[in-house]
Amino acid sequence: MEKDIKSVLAENNFGFKKRFGQNFITDKNLLASIVEQSGADKNTAVIEIGCGAGTLTRAIAERAKNVIGFEVDKTLQPVLAQTLAGLDNVEVVFRDFLKVNLSELEQKTGEYAVIANLPYYVTTPLITKLLEEGRLCKSLTVMVQEEVALRLCAKENTPDYGAITAVIALRADAEIIKKVPRRMFTPQPNVDSAVVKLTVRDGRIPVKDAELYKKTVHAAFAARRKTLSNNLVNVFKLTREQAEKVLTACGIGLKARGETLSPETFALLSDELAKYL
């Protein structure tokens, strides 16, 4: 990209929109490093969510087979036409990715990786959509708010551990691969960020009913201060005796709380609960 990105934005009278969580990265070394650490190469089809000014899009295109980028802000069209000029392996789709039919998209892409600087306000629904609906998604390398990154990768018995952590663990290994200070963004946000890589491994945690597993996890965290036993009674309408039988069968203490259970233990709990539902 020959021209400074800030100049391109200024030339096109682009105004940043808070509602879209627009914070762009311009450092080419950082962008190249993110793509490299994603593992993408000339055989990898990539989906990007939130193209922004196209800086990450270009970095992906230079390393991957092709990239389909989704952008919700149509006023970025002239900016992207300029910043992505000369690239023949990029397609930009001006649509809200949350409304995209993933099975239809996957017929076009085949197996793919996701690389994205995710808008903070839609991080959780986007990751959830990809892990729940994406049958051909092999990995997600995503820039997110640092506190969100800590939640995605947390271990049980830590303050950051929550429902999203345990739900992700059903299908993917999660790790923070890079910290990104706020000064690297334009405009500068009020928080630091981190890059998380989720490597999809179907069957990572054996469970008989994935939907019941997710319901069990959400039940456990429905009221964090309450014991797991109380949450099971309230959400699944079990009797106190049934709830205690389920916990005992799984080797879980009767006073345990949800945040003490590993994803593997949640799987045991889910399978045991199925006998009473």
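Please read all numbers here as calculations on a predicted model, not as lab measurements. FYI, side chains are in, hydrogens and waters are out, and symmetry mates aren't considered; it's all heavy atoms of this structure.
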Grab the two heavy atoms, one from Thr44 and one from Ala64, that are nearest each other, plus how far apart they are.
O-CB, 3.4 Å
As an exercise, state the distance from CG of Leu31 to OG1 of Thr55, rounded to the nearest 0.5 Å.
5.0 Å
Below 4.0 angstrom, N of the basic side chain to O of the carboxylate: do Asp271 and Lys208 qualify?
no
Is there a donor-acceptor pair under 3.5 Å between the side chain of Asn23 and the backbone N or O of Pro187?
yes
Considering residues, nucleotides and ligands other than Lys215, do more than 12 of their heavy atoms fall under 6.0 Å from its NZ?
no
For Arg257 against Thr227, the heavy-atom pair lying closest together:
CG-CA, 4.1 Å
Identify the two heavy atoms, one from Ala116 and one from Glu48, that lie closest to each other, and give their separation to 0.1 Å.
CA-CG, 4.4 Å
Please check this pair: side chain of Ser33 against backbone of Asn29, looking for a donor-acceptor N/O pair closer than 3.5 Å.
no
Is the shortest heavy-atom distance from the side chain of Ile68 to the side chain of Val93 under 4.5 Å?
yes
Roughly how far, to the nearest 0.5 Å, is the CG atom of Leu105 from the CZ atom of Arg95?
9.0 Å
Salt-bridged, Arg135 to Glu106, with N to O below 4.0 Å?
no
When you measure from the side chain of Asn234 to the backbone of Asn230, do you find a donor-acceptor pair of N or O atoms at a distance under 3.5 Å?
yes
Check this for me: does any side-chain nitrogen of one of Asp202 and Arg171 sit under 4.0 Å from a carboxylate oxygen of the other?
yes
Any side-chain heavy-atom pair of Leu84 and Val92 under 4.5 Å
yes
So Glu91 and Lys108, side chain to side chain contact (heavy atoms under 4.5 Å, CB included) or not? Walk me through it.
CA-CA 12 Å; Glu91 177 187 354; Lys108 179 178 181 179; 2.8 Å; yes
Rounded to the nearest 0.5 Å, the CD1 atom of Ile115 sits from the OG atom of Ser139 at a distance of 7.0 Å
Closest contact, heavy atoms only, Ala59 versus Ala32:
CB-N, 4.4 Å
Asp160 and Thr158: CA distance, side-chain angles, deciding distance, side chain to side chain donor-acceptor pair (under 3.5 Å) verdict:
CA-CA 6 Å; Asp160 293 310; Thr158 64; 5.5 Å; no
For the residue pair Phe97 and Leu126, establish whether any side-chain heavy-atom pair is separated by less than 4.5 Å.
yes
Would Glu132 and Lys214 pass as an ion pair if we require N to O under 4.0 Å?
yes
With heavy-atom distances below 4.5 Å as the criterion, would you say the side chains of Leu98 and Phe70 are in contact?
no
Under 3.5 Å side-chain donor-acceptor pair for Lys197 and Ser38
no
Val195 side chain reached by Val142 side chain, heavy atoms, under 4.5 Å
no
Hydrophobic clusters join Ile, Leu, Val, Met, Phe, Trp and Tyr when side-chain heavy atoms are under 4.5 Å apart, directly or via other members; which others share one with Leu170?
Tyr161, Val167, Ile205, Val207, Leu212, Tyr213, Val217, Phe221, Leu228, Leu232, Val235, Phe236, Leu238, Val246, Leu247, Ile252, Leu254, Leu261, Phe266, Leu269, Leu273, Tyr276, Leu277
With distance as the sole test, does Arg58 use its side chain to make a donor-acceptor pair with the main-chain N or O of Leu87 at under 3.5 Å?
no
Can you confirm whether more than 12 heavy atoms, excluding those of Lys42, are under 6.0 Å from its NZ atom?
yes
Asp41 bridged to Arg63 by N-O distance under 4.0 Å
no
Heavy-atom distance under 4.5 Å between the side chains of Ser193 and Phe185, does that happen here?
yes
Checking Ile47 against Val67 for the side chain to side chain contact (heavy atoms under 4.5 Å, CB included) test, could you report, in this order, the C-alpha distance in whole Å, the side-chain angles of both residues, the deciding distance, and whether it holds?
CA-CA 6 Å; Ile47 289 175; Val67 52; over 6 Å; no
Nearest-0.5 Å distance that lies between atom CZ in Arg201 and atom CG in Asp173
4.0 Å
Do the side chains of Asn66 and Val90 get nearer than 4.5 Å, heavy atoms only?
no
What do the steps show when you test Lys65 against Asn89 for side chain to side chain contact (heavy atoms under 4.5 Å, CB included), and what is the final call?
CA-CA 7 Å; Lys65 179 172 74 173; Asn89 63 339; over 6 Å; no
When rounded to the nearest 0.5 angstrom, what is the spacing between CZ in Phe94 and CD in Glu71?
6.5 Å
Do Arg240 and Ser229 have side-chain N/O donor and acceptor atoms under 3.5 Å apart?
yes
Hey, could you give me the CD1/CG distance between Ile25 and Leu30, rounded to the nearest 0.5 Å?
5.0 Å
Nearest non-hydrogen partners of Gly134 and Tyr112, listed with the distance:
CA-OH, 3.9 Å
Intermediate values then yes/no, side chain to side chain contact (heavy atoms under 4.5 Å, CB included), Cys51 and Leu80
CA-CA 8 Å; Cys51 296; Leu80 289 166; 4.2 Å; yes
Looking at Ala223 and Asn231, what are the two nearest heavy atoms and their distance?
O-ND2, 3.2 Å
Do Leu131 and Leu140 make a side-chain contact, defined as non-hydrogen atoms from C-beta onward lying under 4.5 Å apart?
yes
Within a 6.0 Å radius of atom NZ on Lys178, are there more than 12 heavy atoms belonging to other residues, nucleotides or ligands?
yes
Is the side chain of Glu175 donor-acceptor paired with the backbone N or O of Ile177 at a distance under 3.5 Å, no angle test?
no
Derivation of the salt bridge (Lys or Arg N to Asp or Glu O under 4.0 Å) call for Lys179 and Asp192
CA-CA 8 Å; Lys179 299 284 185 72; Asp192 294 321; over 6 Å; no
